[in-house]
Amino acid sequence: MEINIPMPDDFNYKRTVRSHGWYELLPFELDEERWTLTRVLEVGEGQPVTARINAGNRAINVSVPRRLTKRAVERITRDVRHIFRLDDDMKDFYEAVGSDADFDWIPKQGAGRLLRSPTVFEDLVKSICTTNCSWALTDKMVTGLVKNLGRESEDGRRSFPTPEAMAEAPSEFYREEVRAGYRAPYFKELAERVASGELDVESWATSDLPTDKLKREMKRVKGVGDYAAENLLKLVGRYDVMALDSWVRAKYARMHNNGRAAKDKKIERHYSRFNSWRGLALWCDMTRDWME
DNA sequence: GCGTCCAGGTCTACC
DNA sequence: GGTAGACCTGGACGC
């Protein structure tokens with residue numbers, strides 16, 4: 001069956017899909033020729049469903065291989081809206097960057113929506129998987145989690161594991177199968193805290209806490225330091241943080257500092273005129289050439 | 001084939 | 001609050 005979800009006029013499907021590396025990590029898969037984004041989604045009690053997503057003229061088209069209940073359709077619609085941030089109001093951001101010659105391409109192209117997972121838990125686990133390793137190892141760790149602990153859809157693909165499924169797996173599994181190394185106990189502990197209800201990470205998406213307090217909360221999770229917390233803050237819609245990592249520092253050096261390393265303070269100053277949008281302006285600047 | 005470095009960093013102990 | 005050293009993995013690189 002097909003589900004059509006209206007999209008805002010300023011929404012750029014391709015820019016959003018390739019807004020950062022998440023589209024390369026299971027349970028996302030991108031067909032770069034057809035621009036079909038495949039994603040295994042949970043629909044509640046029943047078996048997960050493999051959704052094939054593409055963009056039409058005015059709506060996002062979601063194709064699923066079986067007829068779903070009204071409740072399941074509502075859940076998929078909610079997830080797709082969340083993943084592509086269709087409800088984000090980009091007006092203020094576009095106004096902030098639109099009058100700057102180096103950034104006016106952003107509103108013109110409809111960039112700035114960062115692809116995210118259906119749950120904060122998944123974004124959090126994946127953020128930990130990006131720390132202190134190559135992208136190839138991040139991919140390997142996420143693949144290990146999904147293939148071993150995810151629930152199977154009808155075509156054999158798997159969903160992202162729930163906190164409960166991750167809590168049941170022993171620490172050795174994370175070390176030996178997922179190849180998570182020193183992160184192994186962090187995954188186990190995080191999953192147990194979330195599954196037991198002690199830690200509600202989904203509330204971070206709608207939290208009223210100021211950014212610095214929310215960041216402190218996030219950093220109480222083992223394995224989450226400044227970079228991972230700030231990356232996650234961007235994914236929950238807080239753009240007054242930079243999330244500087246070695247990739248951004250190297251890219252900034254190439255783009256704006258004649259190939260020489262720049263101090264973090266200097267990078268922050270470069271985008272400070274965008275105030276609460278500085279983190280998003282930075283990321284758009286760094287990834288401008290991804291679609292050129 | 002082997003050793004070293006480091007990648008989309010974080011934790012702990014110590015000052 | 002700031003910093004040094006340890007920490008898993010695996011690909012790239014030099015020898």
Side-chain angles (χ1 to χ4, degrees), chain A residues 17-26 28 30 114-117 122-148 166 169-193 199 201 212-236 238-239 241-257 259-265 267-268 270-271 278-291:
Chain A
V17 168
R18 289 197 66 180
S19 53
H20 62 111
W22 263 207
Y23 72 90
E24 294 181 348
L25 301 177
L26 292 178
F28 285 116
L30 178 64
L114 305 180
L115 188 78
R116 58 183 170 181
S117 309
E122 181 180 330
D123 282 336
L124 172 56
V125 170
K126 284 178 170 173
S127 293
I128 295 172
C129 289
T130 66
T131 58
N132 197 26
C133 65
S134 62
W135 185 255
L137 185 55
T138 297
D139 190 15
K140 189 182 176 81
M141 284 188 269
V142 172
T143 298
L145 291 172
V146 170
K147 295 218 161 159
N148 287 287
M166 283 185 63
S171 223
E172 299 73 55
F173 162 78
Y174 294 104
R175 197 177 291 277
E176 286 155 27
E177 293 292 324
V178 178
R179 311 303 292 165
Y182 67 88
R183 305 168 195 81
Y186 302 165
F187 288 137
K188 176 80 175 162
E189 183 183 310
L190 168 64
E192 283 175 346
R193 289 178 67 197
L199 178 64
V201 296
D212 58 337
K213 290 218 170 78
L214 186 55
K215 181 179 168 183
R216 207 174 307 151
E217 185 85 6
M218 290 172 170
K219 285 180 71 175
R220 290 175 64 194
V221 173
K222 285 266 185 65
V224 176
D226 283 326
Y227 163 71
E230 292 186 5
N231 185 53
L232 194 59
L233 280 165
K234 287 185 179 179
L235 293 177
V236 299
R238 310 287 188 113
Y239 304 112
V241 291
M242 305 306 280
L244 299 178
D245 56 21
S246 57
W247 183 85
V248 167
R249 292 185 181 102
K251 182 90 186 231
Y252 182 91
R254 286 198 299 278
M255 284 179 72
H256 300 301
N257 212 39
R260 295 191 314 273
K263 290 218 161 75
D264 289 356
K265 293 273 184 202
I267 300 175
E268 191 150 5
H270 186 97
Y271 302 94
R278 58 189 182 275
L280 190 53
L282 157 81
W283 186 254
C284 288
D285 193 31
M286 295 294 100
T287 56
R288 178 177 183 171
D289 61 358
W290 283 13
M291 294 295 291

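Quick caveat, the model's predicted, so the values are computed rather than measured. Convention: sequence-line order gives letters A, B, ...; per-chain numbering from 1.
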Problem set entry | Aromatic ring pairing A:W22/A:H20, orientation class (parallel under 30°, perpendicular over 60°, tilted between) |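 Because their plane-to-plane angle lies in the 30° to 60° range, the rings of A:W22 and A:H20 count as tilted.
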
For this session: Mind telling me whether A:W283 and A:W247 have parallel, tilted or perpendicular rings, with 30° and 60° as the class edges?
Result: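 Judged by the thresholds at 30° and 60°, the geometry between A:W247 and A:W283 is tilted.
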
For this session: Kindly say whether, by distance alone, the side chain of A:Y227 makes a donor-acceptor pair under 3.5 Å with the base of B:dG9?
Result: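 No pair found.
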
Exercise. Using a distance-only test with no angle check, is there a side-chain donor-acceptor pair under 3.5 angstrom linking A:R183 and A:Y174?
Worked result: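 There is no such pair between these side chains.
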
Euclidean distance for [atom1], [N] against [M] (whole angstrom):
| N | M | atom1 | answer |
| --- | --- | --- | --- |
| C:dC7 | B:dG8 | P | 23 Å |
| C:dG5 | B:dC5 | P | 15 Å |
| B:dA13 | C:dC8 | P | 15 Å |

For this session: Pull out every residue in residues 178-189 of chain A that has a heavy atom closer than 4.0 Å to any atom of DNA chain B, ordered by number, or say none.
Result: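 Output list: A:Y182, A:Y186.
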
Exercise. Reading DNA chain C 5' to 3', how would its secondary structure be written in dot-bracket notation, given Watson-Crick and G-U pairs with both distances under 3.5 Å, brackets [ ] for crossing pairs and | for partners on other strands?
Worked result: |||||||.|||||||

Exercise. Of all the nucleotides listed (B:dC11, B:dA7, B:dT10), which has the minimum atom distance to the side chain of A:K222?
Worked result: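 Of B:dC11, B:dA7, B:dT10, B:dC11 is nearest to the side chain of A:K222.
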
Exercise. Hey, does A:A228 reach any base, or is it just sugar-phosphate, or nothing, if we go heavy atoms under 4.0 Å?
Worked result: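 Since only primed, P, OP1 and OP2 atoms lie under 4.0 Å of A:A228, the category is sugar-phosphate.
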
For this session: Select base, sugar-phosphate, or nothing to describe what A:T131 touches, counting heavy atoms under 4.0 Å on all strands.
Result: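 Contact class for A:T131: sugar-phosphate only.
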
Problem set entry | pi-stack flag for A:W135 and B:dG8, centroid dist under 5.5 Å, interplanar under 30° |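 Ring-base stacking flag set for A:W135 and B:dG8.
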
Exercise. Think A:S246 has a side-chain N or O under 4.0 angstrom from the OP1 or OP2 of B:dG9?
Worked result: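 It does, given that an N or O in the side chain of A:S246 lies less than 4.0 Å from OP1 or OP2 of B:dG9.
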
Below 4.5 Å, heavy atoms only, C-beta onward: do [X] and [Y] meet side chain to side chain?
| X | Y | answer |
| --- | --- | --- |
| A:S19 | A:T287 | no |
| A:M242 | A:D264 | no |
| A:L190 | A:I128 | yes |

Problem set entry | Residue whose closest nucleotide on DNA chain B lies nearer the 5' end, A:G223 versus A:V248 |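 Per heavy-atom nearest nucleotide, the more 5' residue is A:V248.
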
For this session: Report the distance from atom CD1 of A:I128 to atom C1' of B:dA7, rounded to the nearest whole Å.
Result: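 Rounding to the nearest Å, CD1 of A:I128 and C1' of B:dA7 are 18 Å apart.
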
